[in-house]
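See below for the structure under consideration.
Everything quoted here is computed from the prediction, not taken from an experiment. Every heavy atom of this structure was used, including side-chain atoms; hydrogens, water molecules and symmetry mates were not. In the text below, chain A, chain B and the rest are named by the order of the sequence lines, each starting its count at 1.
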Number of protein chains: 2
Amino acid sequence: MAFIKVSMDALHADTTLSNYMHHLAEVPLLRQCTPAQRQHLAQHARLEHHAKGKVLFLSGDRADHFFLVLTGWVKLYRETLDGMQAIVDVLPAGHLFGETALFEENVFPFSAEVIEPATLLRLPIAVLSDEISKDPALALAMLRVMVQYRRQQDQELEHTKLQSAPQRIGCFLLRLLDQRNQGPFSLNLPYDKTLIASRLGMQPETFSRALTRLKDETGIRISGARIEGDAISQLAIYACGACSSTFPCKDKAG
Amino acid sequence: MAFIKVSMDALHADTTLSNYMHHLAEVPLLRQCTPAQRQHLAQHARLEHHAKGKVLFLSGDRADHFFLVLTGWVKLYRETLDGMQAIVDVLPAGHLFGETALFEENVFPFSAEVIEPATLLRLPIAVLSDEISKDPALALAMLRVMVQYRRQQDQELEHTKLQSAPQRIGCFLLRLLDQRNQGPFSLNLPYDKTLIASRLGMQPETFSRALTRLKDETGIRISGARIEGDAISQLAIYACGACSSTFPCKDKAG
DNA sequence: GCATGTGATTGACAAAAATCAATTGGGAAT
DNA sequence: ATTCCCAATTGATTTTTGTCAATCACATGC
């Protein structure tokens, strides 16, 4: 069974890269680049497909490259001395990771693992470094992304301090939805419940029970990874009271 | 009684500003500026003294200025719909705040209040904005500060998820100390216990009991706001096991 | 079809923290 | 000194979450 995974890990031919060029324009950080800059970055990019479970790098590894998620999901995590795992972030398509190593002695400050089959773009950090110091506009774009990320972290910290477990799940679901829609909704949890639990800072058992309680209190319907409801406001009323942001909030899951 | 506080709020003459010029060189963000740039910033700066309790601005206020803490402590916080308060950060001397409004539609994303009598430097955001777009090196310096801040946030998120209440207090104390020293230590809590509790995401009662437990388990001595112990390692062994950073860690309190 | 492994759920219990209530203690104002 | 106020502590209790163990559900390979 292992050899099947190995074949998934193989690099595809670079000829498929052009299929993904347009993705570069959709990444917040790179949107502000000129087409020429993007072209330059793309010349040094490598496209990779990875199966679930693939460890991309470990905390402390030398960081020569950073990554861009094109499809699938990747988790960033750190491990404590007594063996616990802290999820730093869970990234969907369009997100960048590993780029902060630029400013941290070229060492990754966390480990990264593919959690749903993923297509990644791997780019040399040196190229980004070059472009940034050449172009102040890119540096400003990067600053903007950092500030936004920082705000999201603030928010998350607030959530773990002030929201109950069912509220945190409700908030998580809301961020998976387009909150501008008012009516009925339906979604699939994007990755394992165990991992969502860990992401939200709770045990799988607590997650399971909290989800049941969220169902009872808001009237949403659950079957496996599928979740449906009649109105987004059901969730918002329940979850957003313990949050300092106003609904609809702009944060995305995560 | 009110008029006494009012007198504390008064602006001092700008002539005292030169006394604080050397502080500018000690702020991570500004250290990388040229002396000329710092001089330019300083020309637009105003020095302010504020008493405990002074609210500097509220979340959503228009942000024309940012601040630099020269002495004292300032807390940044947000309030939820159901009336709870989330501490975003607590800042000692040398820290900058409000500068991220630069990238967020010039509105403060949190409120700020002086919690220990403070000397502040107030600077127009426009000046910083100018300098940054003129000088890529300053943008890079700011990026560096942002990345560092982001790391600290990651850390804090991890702590609230994985550490027990007594461990979080132990970690907090460690970050108040110079961890390079090995021997006996002694410190005063820098602000109210109630606020430290809130900062660490727990109730005042929990803080009080957790501090007692920390004392019992590590042998530190407590009288009021004064805390002493025979070896920093007492604390490190107890608190740092549930953390992914290695001791001594570089993070400072906050 | 069946065995197998993993993720998910459920129950019983323990631990941690929040909550409610009462009291203590120390500084500031008078 | 005395009063007042507020931070801090302590006790009793409830709520929440974690832990341990058993079971269930479901996809996969054989």
Side-chain angles (χ1 to χ4, degrees), chain A residues 1-5 8 51-53 73 75 80 82-86 115-117 159-170 188-217 222-227 242, chain B residues 1-5 8 51-53 73 75 80 82-86 115-117 159-170 188-217 222-227 238-239 242:
Chain A
M1 46 192 75
F3 59 87
I4 293 181
K5 289 201 175 185
M8 296 284 294
K52 183 169 171 172
W73 291 81
K75 80 167 174 188
T80 64
D82 52 15
M84 297 277 92
Q85 197 176 82
I115 55 170
E116 292 297 328
H159 287 168
T160 58
K161 282 179 185 170
L162 299 180
Q163 288 183 320
S164 68
Q167 282 177 325
R168 283 212 297 286
I169 297 176
N188 277 308
L189 296 177
Y191 43 88
D192 291 349
K193 290 184 181 179
T194 307
L195 189 59
I196 299 179
S198 176
R199 169 90 181 105
L200 298 178
M202 62 186 86
Q203 300 303 313
E205 296 95 329
T206 303
F207 178 86
S208 181
R209 286 185 255 259
L211 186 55
T212 306
R213 215 172 115 198
L214 182 68
K215 170 171 71 71
D216 295 342
E217 309 238 16
I222 301 167
S223 68
R226 173 142 228 95
I227 297 184
Chain B
M1 44 194 80
F3 59 87
I4 294 179
K5 289 202 173 181
M8 294 285 293
K52 181 169 172 173
W73 291 79
K75 80 168 173 187
T80 64
D82 52 16
M84 298 276 91
Q85 196 175 85
I115 55 171
E116 292 297 327
H159 286 168
T160 58
K161 281 179 186 171
L162 299 179
Q163 288 184 321
S164 69
Q167 281 177 324
R168 283 212 297 286
I169 297 175
N188 277 309
L189 296 178
Y191 43 88
D192 291 350
K193 289 184 181 180
T194 307
L195 190 58
I196 299 178
S198 176
R199 169 94 181 102
L200 299 178
M202 62 185 86
Q203 299 303 313
E205 296 95 327
T206 304
F207 178 86
S208 180
R209 284 185 257 258
L211 186 56
T212 305
R213 215 172 116 198
L214 182 68
K215 170 172 69 73
D216 294 342
E217 309 239 16
I222 300 169
S223 69
R226 173 143 227 94
I227 298 185
Y238 182 77

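When the P atom of dA8(C) is taken as reference, atom CZ of Arg226(A) falls 16 Å away, rounded to whole Å. In this structure, Lys52(A) places its NZ atom 13 Å from P of dA27(D), rounding to the nearest Å. Put simply, CD1 on Ile115(B) is 17 Å from C1' on dC6(D), counting in whole angstrom units. dC6(D) atom C1' lies 15 Å from atom CG of Leu195(B), rounded to whole Å. Lys215(B) has its NZ atom 11 Å from the P atom of dT9(D), to the nearest Å. Across the protein-nucleic acid pair, Asp192(A) atom CG and dG5(C) atom P stand 18 Å apart, rounded to whole Å. Distance CG (Leu211(B)) to P (dA7(D)): 18 Å, rounded to an integer number of Å. Across the protein-nucleic acid pair, Ile169(B) atom CD1 and dA8(D) atom P stand 12 Å apart, rounded to whole Å.
Comparing the local axis fitted to the first five base pairs of the helix from dG1(C)-dC30(D) to dT30(C)-dA1(D) with the one fitted to its last five gives a bend of 40°, rounded to 10°.
The side-chain contact (heavy atoms from CB on, under 4.5 Å) check on Asp82(B) picks up Ala242(A), Thr80(B), Met84(B), with sequence neighbours excluded. For Asp216(B), the side-chain hydrogen bond (donor to acceptor under 3.5 Å, both in side chains) criterion is met by no residue, not counting sequence neighbours. For Thr194(B), the side-chain contact (heavy atoms from CB on, under 4.5 Å) partners two or more places apart in sequence, or in a different chain, are Pro204(B). The salt bridge (charged side-chain N to carboxylate O under 4.0 Å, His left out) check on Arg209(A) picks up nothing, with sequence neighbours excluded. The side-chain contact (heavy atoms from CB on, under 4.5 Å) search around Gln203(A) returns Glu205(A), Thr206(A), not counting sequence neighbours. Taking the salt bridge (charged side-chain N to carboxylate O under 4.0 Å, His left out) definition, one finds that Glu217(B) meets it with Arg213(B), sequence neighbours left out.
Using a 4.0 Å cut-off, some side-chain N or O of Thr194(A) falls inside it from OP1 or OP2 of dA8(C).
Between the NZ atom of Lys193(B) and the CZ atom of Phe207(B) there is a distance of 6.5 Å, given to the nearest 0.5 Å.
Using a cut-off of 4.0 Å between Lys/Arg side-chain N and Asp/Glu carboxylate O, Asp192(A) and Lys52(A) are scored as salt-bridged.
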Where protein sits on nucleotides 13-26 of chain D, one letter per nucleotide: B base, S sugar-phosphate only, - none, heavy atoms under 4.0 Å: ---SSBBBB-----
Can you give me every donor-acceptor pair (side chain of residues 162-169 of chain B, partner residue at least two apart or in another chain, under 3.5 Å) with its distance?
from, atom 1, to, atom 2, distance (Å)
Gln163(B), NE2, Ala239(B), O, 3.2
Ser164(B), OG, Gln167(B), N, 3.4
Ser164(B), OG, Gln167(B), OE1, 3.4
Gln167(B), OE1, Ser164(B), N, 3.0
Gln167(B), NE2, Tyr238(B), O, 3.3
Arg168(B), NE, Leu200(B), O, 2.9
Arg168(B), NH1, Gln163(B), O, 3.1
Arg168(B), NH2, Leu200(B), O, 3.1

